[in-house]
S.K.: 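First the structure, which I've put down as structure tokens, then a few questions once you've had a look.
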Amino acid sequence: MPSLKDLKVRIKSVKSTQKITKAMKMVAASKLRRAQEAAEAARPYAERMEKVLAGLGLAVKDQPGASPLLVGTGKDDVELVIVATSERGLCGGFNTNIVKAARAHINSLTAAGKTVKILCIGKKGYGVLRREYASKIIGTKDLAGVKRLGFADAQAIATDVLDMFERGEFDVATLFYAKFQSALVQITTKQRLIPAPLPEAANENMTDELGGAVYEYEPDESAILDDLLPRNVAVQVYRGLLENAASEQGARMTAMDNASRNAGDMIDSLTLTYNRTRQAFITKELIEIISGAEAL
Amino acid sequence: MSDTLHYEIVSPERLLKDAEAAMIVVPGADGDFGVLPGHAPMMSTIRPGVVAVYASEGAAPEKLFVKGGLAQVSPKGLTILAEETISLDGVDTAELAKKIADTREDIADAKDELAKAHLEKELDWMLALAEVAA
């Protein structure tokens with residue numbers, strides 16, 4: 001049976017933990033709103049880019065000399081897996097889920113006899129992957145100092161990736177991140193960056209966007225595409241990171257909400273025990289006094 | 001046929017402009033071109049330069065520096081996918097000149113071709129900006 005003092009100390013400590021988790025939840029909620037706005041603001045560019053690219057890509061795909069960023073290097077022996085995670089913990093299963101998906105992908109590639117290289121964005125994923133795949137990790141990107149994620153941050157990462165591709169260090173690149181759906185639901189997503197994924201065929205939506213018109217290209221189609229493809233990688237990375245940031249805050253908000261509630265439950269049960277112990281103690285003292293008086 | 005042109009300027013971070021204009025001059029990779037309502041559909045890459053938006057005929061243009069990107073003229077209007085835009089008012093020419101000198105030095109010191117190519121691209125837009133800001 002814990003003493004009254006012990007109980008008091010415990011209640012106090014749980015209460016202060018609850019205060020912290022509550023505050024973290026509030027902070028995550030306001031950060032989530034900002035991250036969500038940023039993700040939404042970035043959407044028009046990515047969407048338009050996608051449409052233009054799909055239209056052009058289909059036209060150029062079968063021509064000889066098409067960019068390897070579009071059609072690939074002709075093999076898929078070496079794959080670069082980019083794993084985007086958060087810089088901070090205490091966000092529930094957010095990082096675990098991304099790492100789990102990445103690990104499944106890496107293991108299936110290794111089983112198929114392919115070489116895997118890993119690039120970690122965010123130190124939480126790196127911490128976990130390092131234990132298992134230390135020899136495969138070729139680099140980490142630290143975004144801890146970044147307060148507001150800008151396109152320049154994504155572009156720096158994309159430039160590094162493209163340089164590696166130019167030097168022939170890998171054939172395929174895949175990005176792992178969590179797509180934001182709501183504060184409760186984040187979908188771990190695997191997205192191929194290089195070669196650029198193309199729709200199977202021109203769908204109706206697309207022809208509508210292009211207005212069914214015949215376009216003039218200045219300079220020619222392949223030159224535009226050569227300019228567009230590297231930029232597309234940066235845009236996709238940027239979008240992935242923004243979604244990730246929103247997901248992280250959403251996951252943290254949910255996790256901290258749960259933690260606050262658990263702390264509340266704990267305080268209730270501790271208080272109950274405390275009061276019972278106190279009453280038992282008083283009763284015991286009374287009995288002692290009464291029996292002492294009777295003995296006289 | 002409407003007598004104004006619908007245009008959108010989109011940067012990766014957000015939708016910058018979504019409005020109507022009488023004419024827009026775009027710095028295309030193969031030379032500047034003006035887009036009027038009813039322009040034939042075309043697609044062009046943009047070199048670093050100034051996009052001039054003429055809200056109405058004869059009015060003073062609103063100028064916006066873009067670092068490069070893509071312009072798409074469709075029957076619905078003009079869409080500019082800008083890599084990055086810089087307002088011309090806030091340019092510090094002295095600082096820009098210093099940056100250009102720094103980049104030139106870096107190019108001279110660059111070890112491999114790739115790094116050099118990146119730096120040259122940087123220099124490109126800085127020079128273009130210096131030209132219009134001067």
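Chain naming here is simple, since letters A, B, ... match the order of the sequence lines and numbering starts at 1 in each. These figures come from a predicted structure and were not determined experimentally.
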S.K.: Side chain, backbone, both or neither: which part of B:E8 has a non-hydrogen atom closer than 4.5 Å to chain A?
M.R.: side chain
S.K.: Tell me the side chain to side chain donor-acceptor pair (under 3.5 Å) pairs involving residues 46-56 of chain B, sequence neighbours left out?
M.R.: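 Those involving residues 46-56 of chain B are B:D32-B:R47.
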S.K.: If I compare all heavy atoms of B:L15 with all of A:P44, which pair ends up nearest, and what's the gap?
M.R.: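 Nearest pair, atom of B:L15 first, then A:P44: CB-CG, 4.3 Å.
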S.K.: With only heavy atoms counted, which part of B:A82 is less than 4.5 Å from chain A, the side chain, the backbone, both or neither?
M.R.: backbone
S.K.: Can you tell me how far the CG atom of B:L70 sits from the CG atom of A:L225, to the nearest 0.5 Å?
M.R.: 10.5 Å
S.K.: Drop me the distance from A:L162's CG to B:H118's NE2, to the nearest 0.5 angstrom.
M.R.: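 Nearest 0.5 Å value for the CG-NE2 distance: 7.5 Å.
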S.K.: Go through the atoms of A:L242 and report whether side chain, backbone, both or neither lie under 4.5 Å from a heavy atom of chain B.
M.R.: neither
S.K.: Could you pull out the closest heavy-atom pair between A:R231 and B:G68, with the gap in Å?
M.R.: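 Between these two residues, the closest heavy atoms are NH2-C, 4.5 Å.
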S.K.: Within this structure, what is the CD-CD distance for the pair B:E84 and A:Q155, rounded to the nearest 0.5 Å?
M.R.: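 CD of A:Q155 is found 8.0 Å from CD of B:E84.
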S.K.: Just give me the residue among B:A117, B:G69, B:G28 that pairs up with chain A most often, heavy atom to heavy atom, under 4.5 Å.
M.R.: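 Heavy-atom pair counts peak at B:G69.
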S.K.: Where along residues 76-87 of chain A does a heavy atom come under 4.5 Å of chain B, listed by residue number?
M.R.: none
S.K.: Please flag which part of A:D227 lies under 4.5 Å from any non-hydrogen atom of chain B: side chain, backbone, both or neither.
M.R.: side chain
S.K.: According to the salt bridge (charged side-chain N to carboxylate O under 4.0 Å, His left out) rule, which pairs have a member within residues 233-250 of chain A, sequence neighbours left out?
M.R.: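 Counting only pairs at least two positions apart or across chains, the salt bridge (charged side-chain N to carboxylate O under 4.0 Å, His left out) contacts touching residues 233-250 of chain A are A:R43-A:E243, A:E50-A:R239, A:E248-A:R252.
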S.K.: What's the separation between atom OG1 in A:T159 and atom NZ in B:K121, rounded to the nearest 0.5 Å?
M.R.: 7.5 Å
S.K.: Can you pull out every ring pair (Phe, Tyr, Trp, His ring centres under 6.0 Å) where at least one residue sits in residues 226-248 of chain A? Sequence neighbours excluded, please.
M.R.: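 Qualifying pairs: A:F151-A:Y238.
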S.K.: Rounded to the nearest 0.5 Å, what separation is found between the CG atom of B:L81 and the NZ atom of A:K51?
M.R.: 11.0 Å
